[in-house]
Amino acid sequence: MHNLELITRRKFFRYTIEAGLTAGLIGGLSVIGSAGSYVRPPGALPPSDFTSRCLRCSICSEVCPTRAISLLDIMWDIRNISTPVIDPAFGGCVAWQKGCLRCAQSCPSGALNSAVDLSRLKIGRVRLKQEACVNCMVCFQRCPVEGAVLFPNPAGEPFTRERDVPTRLKLVDSILKPYINLELCVGCGLCVHYCPPKIMFLDPIEKQQW
Amino acid sequence: MVNDLAKLRHYWQRLVVIAVVMAAWWQLPVTFCAVDLGMLRLVCPLGFLECCLSTKTVVTRLLPGFLLITGLVVVLGRAFCAWTCPARMAGKAADYLVSPALRGPTEKARSAVVRFRQRLHDSTKLSWSDGLALTAGLFLGIGLFSFPAYSIFCPVGVLSRNLIELATHFRLRWDLIFLGIPLAAGLLFALGWKCACPAGLILGVLAEGNRTLQPVVQSESCAMCGRCVKNCDFGVSLHKGEYDSFACSKCLKCLRDCERQAVRLKAWPRSDQKTRQ
């Protein structure tokens, strides 16, 4: 009887150590790296809630019709490994253009919320290197939000549509270049994906109002 | 019949992998981790528990799918491990590819590894209980730090994400190196990754209630050769008359390997059939 109890106690000690080490390992992994900000698919919960709710099942990247969603690969921010982001290298989000939201509708855990108001949602912000721009106007044609890409008008209000811009102003060597109106830009990344000289960039919104 | 079932298992495993790749190609929500059927969302039971623990809520939208999977596990046992788990299949494939290369000049090294593994097993005596302790620690860590850590390292998840990445973006991911953990465990420990795999252990716990589709030894034709026990990947001692529904993954190897056809699959074994006289 005494012998049996001793073995049980020793085993219990061993199991406790095993469980404690595993829990400690997870704690250690969860504090490595800084919580960066990322361009999440539309309807994503606030960053910390998103990280703890996302199942990393990659259903969102599977159903995305433009293949814009990619999962983050190995990096120091271990908490966010394999969580989805919009990667304009593969495509742009067509939620504002077509009302898509297929990723949010098929998200099993609800880390992406499909009941989101697209007219108030911004997922990122676009940066344009004007000095390298060739005035091809592709960003104008691709942008789903009128007024998010603007072209300066020497005579008054900036142009919001490409067809309004007089040809002499939008020649390749024109000193006037388009610019992004960050008030209206939703960060879908379509212009970034289609930009021929690849001089546009999609950045996350650092302090987003949720 | 038994050989047909063994063949079916062989094809089924490959069919599921192809199905996931094709689903990703056709933009259908089917992965190894979760399947979205509109209102019904079937997710990995471990993923569900992780999600509940790290958000500290009962994720009600996943509850019906979890209950359905629990019901399936009670009926089919942990058949997922032998029939669908892509990590097990990848491990078997790696073994198949690597072991011919290890034969011949490196036979000595191979037997040294086997001896080392046996000595490690004898000194540590790792068992399912250690796996359950590790899983308990995992759940504790997930709850404390709100971080569903295992979903990042899960071999099934890693393979699933890589298959989908291959079908959608025509590239592989660096997280394939996480497969080194189960491979190293398989090399170092006699029980391999099996007794540490939290998903398999959760399935095993759910399968404790399994009473159907069990292999049963017909005592009158059994020659006590012990082949069914020796060949079992999950350490089930069938010929001793014990059926371990926690461990058995219904791979049906015991049926296939028995020379005298003494092992039969019973849809609903009566209690007197389970014990061997």
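Chain letters run A, B, ... following the sequence lines, proteins first and then strands; every chain starts at 1.
Here the straight-line distance linking atom CD of Glu165(B) with atom CZ of Arg67(A) works out to 10.0 Å at 0.5 Å rounding. One finds the CD1 atom of Ile152(B) at 11.0 Å from the CG atom of Leu71(A) (value rounded to the nearest 0.5 Å). In this structure, OG in Ser82(A) is found 3.5 Å from CZ in Arg161(B), a value given to the nearest 0.5 Å. One distance of note links CG of Asp36(B) with CD of Gln105(A); it measures 9.5 Å at 0.5 Å rounding. We find the CG-OG1 distance between Leu138(B) and Thr22(A) to be 7.0 Å, quoted to the nearest 0.5 Å.
The choice from Val30(B), Val43(B), Ile142(B), Val59(B) that makes the most heavy-atom pairs within less than 4.5 Å of chain A is Val30(B). No other option in Leu144(B), Leu140(B), Thr135(B), Ile164(B) has as many heavy-atom pairs under 4.5 Å with chain A as Ile164(B). Top candidate by heavy-atom pairs under 4.5 Å with chain A, chosen from Ala133(B), Ala136(B), Cys33(B), Cys52(B), is Ala133(B). Taking Ala149(B), Ser160(B), Gly143(B), Pro29(B) one by one and counting their heavy-atom pairs under 4.5 Å with chain A, the maximum is reached by Pro29(B). Residue with the most contacts toward chain B among Cys54(A), Ser48(A), Cys107(A): Cys107(A) (heavy-atom pairs, distance under 4.5 Å). The residue among Pro148(B), Ala167(B), Gly157(B), Ala23(B) with the most heavy atom pairs within less than 4.5 Å of chain A is Pro148(B). Comparing Val20(B), Thr124(B), Leu42(B) by heavy-atom pairs within less than 4.5 Å of chain A, the highest count is held by Thr124(B).
In this structure, Pro108(A) and Leu62(B) have side chains that are in contact, with non-hydrogen atoms separated by less than 4.5 Å. Side chains of Pro65(A) and Gln27(B) form a contact here, defined as non-hydrogen atoms less than 4.5 Å apart. When side chains are defined from C-beta on, Tyr15(A) does not count as touching Leu132(B), because their heavy atoms never get closer than 4.5 Å. Proximity of Lys11(A) to Ser129(B): side-chain heavy atoms (C-beta onward) are nowhere separated by under 4.5 Å. Side-chain contact between Ser109(A) and Arg41(B): absent, with no pair of heavy atoms (C-beta onward) separated by less than 4.5 Å. A 4.5 Å side-chain heavy-atom check between Leu29(A) and Phe145(B) finds every atom pair outside the cut-off.
Listed by chain and number, the residues in a ring pair (Phe, Tyr, Trp, His ring centres under 6.0 Å) with Trp128(B) are Phe246(B) (sequence neighbours excluded).
Interface remark: Thr83(A) contributes no atoms to any contact with chain B (heavy atom separation under 4.5 Å). Proximity to chain B is limited to the backbone of Cys64(A), based on heavy atoms less than 4.5 angstrom apart. Proximity to chain A (any heavy atom under 4.5 Å) is shown, for Ala34(B), by both the backbone and the side chain. Using a 4.5 Å cut-off between heavy atoms, Ile177(B) contacts chain A through its side chain alone, with no backbone atom that close. With a 4.5 Å cut-off on non-hydrogen atoms, Phe153(B) touches chain A through its side chain but not through its backbone. Using a 4.5 Å cut-off between heavy atoms, Leu28(B) contacts chain A through its backbone alone, with no side-chain atom that close. The contact between Ile78(A) and chain B is made by backbone and side chain atoms together, counting heavy-atom distances below 4.5 Å. Phe139(B) does not touch chain A: none of its heavy atoms, backbone or side chain, sits under 4.5 Å away.
Atom NZ of Lys98(A) is surrounded by 12 or fewer heavy atoms from other residues, nucleotides or ligands within 6.0 Å. Residue-environment remark: CZ (Phe13(A)) stays at or below the threshold of 12 foreign heavy atoms within 6.0 Å. Shown here is Arg171(B), whose CZ atom has more than 12 heavy atoms of other residues, nucleotides or ligands within 6.0 Å. Applying the 6.0 Å contact sphere to CD of Glu146(A) captures more than 12 heavy atoms from other residues, nucleotides or ligands. Environment of CZ in Arg125(A): sparse, with no more than 12 heavy atoms of neighbouring residues, nucleotides or ligands closer than 6.0 Å.
Across all their heavy atoms, Arg173(B) and Leu72(A) have their closest contact at NH2-O, 3.3 Å. Considering every non-hydrogen atom in both Cys57(A) and Thr31(B), the closest pair reads O-CG2, 3.4 Å.
Residue pairs meeting the side chain to side chain donor-acceptor pair (under 3.5 Å) criterion with at least one member in residues 53-78 of chain B, sequence neighbours excluded: Thr55(B)-Thr57(B), Lys56(B)-Ser146(B).
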